[in-house]
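Right, one structure below, let's go through it.
A note on names: the letters A, B, ... follow the listed sequences, proteins ahead of strands, and every chain is numbered from 1. All values derive from a computational prediction rather than experimental measurement.
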Protein chains: 2
Amino acid sequence: MDVAKAENPQSSAQVAREVARMILTGVWREGTTLPREIELASRFDVSRTSIREALSLLKAKGLIASKQKAGTHVRARFDWNMLDEELLNWTLSALPTQEFAKQILEVRRIVEPEACAICAARGTDEDFARIERAYRGMDAAGMDRVAYAEPDLQFHRGILIATGNDFLIAFGATVAAALRMSFDLSSTNPGAPRKSLPYHRTVLDEIWARNPDGARQAMHKLMDLTEQNIVTAMSRQKKKDTKDTEDENARTRRAR
Amino acid sequence: MDVAKAENPQSSAQVAREVARMILTGVWREGTTLPREIELASRFDVSRTSIREALSLLKAKGLIASKQKAGTHVRARFDWNMLDEELLNWTLSALPTQEFAKQILEVRRIVEPEACAICAARGTDEDFARIERAYRGMDAAGMDRVAYAEPDLQFHRGILIATGNDFLIAFGATVAAALRMSFDLSSTNPGAPRKSLPYHRTVLDEIWARNPDGARQAMHKLMDLTEQNIVTAMSRQKKKDTKDTEDENARTRRAR
DNA sequence: AGAATTATTATGTCAGACATATTTTCTATT
DNA sequence: AATAGAAAATATGTCTGACATAATAATTCT
């Protein structure tokens, strides 16, 4: 009966999300020409305005490009701005693969220890105090993984901010996505996050001591731990997925 | 008489560029509420549609955020996605400061040597061949700085691509901006780019040799050279700017 | 067969209207 | 007078329909 006589709220954001998902999951591959805007409008049951607003967002993130008459096509993967926060989140919910985890950890390993060293070398006491506050927040959260997540991000962001380098600060989006992934995975092992607390303490101590080498090394250790948690959580997940599939198959076999 | 009865071509992109410039140069500071869309439309003499399209682009890059009734405001610097290619280019043309150069070089120094090591460790021969082709292109360009620029970018991009890491690949946008900056600065010293050729050769040799440590070190040397070129070019530029200002002042003095 | 012209079409821009969500203002109550 | 609640105001969000523009596809002519 179509009760929704009201206009579609946040339609453009929803469409953007959905189109992004279809691109990320390969429904629309690189080089593919998307359906025309009017077609998309009828398909998503929103106005062309909302479609255009959505596509405009994806254009800004390098996912697509448009040309008059020729249509809108999916750009090459190389042009996608994977360091964009929204795009990272979309990827995270569409394809939270092991490969994705591996890659994001690889860049963190490259960037964060160095950022940490720079932080120790030239951060201000104010910067350090902000990181210290974040640490206290983590400590106060105890075993509550939900409450732990936010100050954890603030801790890592604080270090990036302390570098005073706008590009390293922008890297915070990537760290945020990585932590969100870790959080999602920690559901199978709720105690894991808390275990990182002493590692954070060491990082912070080295920073306060204005010891770049020590800070770098401490952050590296933290990265090691993070990797360990992710790997074990994902193998567990994989095992569970496999089991689920087997169960599913068994059910299917029984059904026929 | 207003001959321009035709509609405004590419108005949204132009508006986006201009609004971005005003934000980047601090005309509209962080937290500032922008004029309402209708006001902007009349100010830029385009339709509200084009304004919205432009703002949508800036929203995607984290520069602004909107809320119904409350209006559109400039987000905190921390939220700006400085690793976005367009945003980098806008910054480059609006504020090509020494600070900007310093920061972009600092991240390159962190990322590129490591990427280079990864490239040497696990890049494919195809990857290497692509980088080799780029090198040949640089060599063929000789002293022509314009012809040199494109393969130079392909060289660095090739290394990032060879890592197979989507996030490192996305970092290519930052490298592109950095090289464009170097190019702009090389006008005062046209011979400088070519001098980097042997350094590139060394990088490539270490990669072919699948020697990660050597590749890392070679890339580090290349970064050193790049920094040197930028510093000398900028101090020269600065001197020139100062002189220009003095000349300007002298002319003003004479005029009154 | 190939070049030049015309027709087609998907995106880009414009205009005006209404919906929605806040904020602001006003009113009534304690 | 202070405060809570109701009503008005308003900037963004969405919808509709139209025309402009540029690139492609089809057609005509040489």
- Query: Between B:E30 and B:R75, is there a salt bridge with N-O shorter than 4.0 Å?
  - Reply: no
- Whole-Å distance, B:E39 CD to D:dT10 C1', equals 15 Å
- Query: Rounding to a whole Å, what distance do you find between A:D45:CG and D:dC15:C1'?
  - Reply: 12 Å
- Can you tell me how far C1' of C:dT11 sits from CZ of A:R36, to the nearest Å? 12 Å
- Closest to the B:S50 side chain, choosing from D:dT21, C:dT13, D:dT12: C:dT13
- If you check the A:V46 side chain, which of D:dT14, D:dC15, D:dA23 turns out closest? D:dC15
- Under a 4.0 Å N-O cut-off, is there an ion pair linking B:R130 with B:E126? no
- Message: Using OP1 and OP2 only, check whether a side-chain N or O of A:S66 sits under 4.0 Å from C:dT11.
- Response: no
- Query: Does the side chain of B:N229 pick up a donor-acceptor pair with the side chain of B:T226 at under 3.5 Å?
  - Reply: no
- Task: Please state how far atom CD in A:E53 lies from atom P in C:dT11, giving the value in whole angstrom units.
- Result: 16 Å
Could you list the donor-acceptor pairs under 3.5 angstrom formed by side chains in residues 157-169 of chain A, with sequence neighbours left out?
{"from": "A:T163", "atom 1": "OG1", "to": "A:L160", "atom 2": "O", "distance (Å)": "2.5"}
{"from": "A:T163", "atom 1": "OG1", "to": "A:N165", "atom 2": "N", "distance (Å)": "3.1"}
{"from": "A:N165", "atom 1": "OD1", "to": "A:F167", "atom 2": "N", "distance (Å)": "2.8"}
{"from": "A:N165", "atom 1": "OD1", "to": "A:L168", "atom 2": "N", "distance (Å)": "3.3"}
{"from": "A:N165", "atom 1": "ND2", "to": "B:Q103", "atom 2": "O", "distance (Å)": "3.0"}
{"from": "A:N165", "atom 1": "ND2", "to": "B:E106", "atom 2": "OE1", "distance (Å)": "2.9"}

- Query: Has B:K67 got a side-chain N or O lying under 4.0 Å from the OP1 or OP2 atom of C:dT23?
  - Reply: yes
- Task: Report, as yes or no, whether the 6.0 Å neighbourhood of atom CD on A:E99 holds more than 12 heavy atoms from other residues, nucleotides or ligands.
- Result: yes
- Message: For C:dG16, does the base pair up with any side-chain atom of B:R48 as donor and acceptor (N or O, under 3.5 Å, distance only)?
- Response: no
- Mind calculating the distance between CG (B:L34) and C1' (D:dT12) to the nearest angstrom? 13 Å
- Query: In whole Å, what is the span from the CG atom of A:N8 to the C1' atom of C:dA21?
  - Reply: 16 Å
- Note on the structure: Result for 5'-nearest mapping on DNA chain D, choosing between A:T49 and A:A70, is A:T49
- Message: So which atom in A:A60 and which in B:D84 form the shortest heavy-atom distance, rounded to 0.1 Å?
- Response: O-OD2, 3.4 Å
- Separation of atom NZ in A:K69 from atom C1' in D:dT24, rounded to whole Å: 5 Å
- Message: Under 3.5 Å, is there any donor-acceptor pair linking the side chain of B:E37 to the base of D:dT12?
- Response: no
- Message: I need the residues from residues 71-79 of chain A with at least one non-hydrogen atom less than 4.0 Å from DNA chain C; give them sorted by number, or say none.
- Response: A:G71, A:T72
- Message: For the CD atom on B:E18, are there more than 12 heavy atoms of other groups (residues, nucleotides or ligands in this structure) within a distance under 6.0 Å?
- Response: yes
- Note on the structure: Among the nucleotides D:dT14, D:dG13, C:dT13, whichever has the atom closest to the side chain of B:S47 is C:dT13
- Task: Would you mind reading off the distance between A:R52 atom CZ and C:dA15 atom P, rounded to a whole angstrom?
- Result: 16 Å
- Task: Please determine if a side-chain N or O atom of B:S12 lies less than 4.0 Å away from the OP1 or OP2 oxygen of C:dT13.
- Result: yes
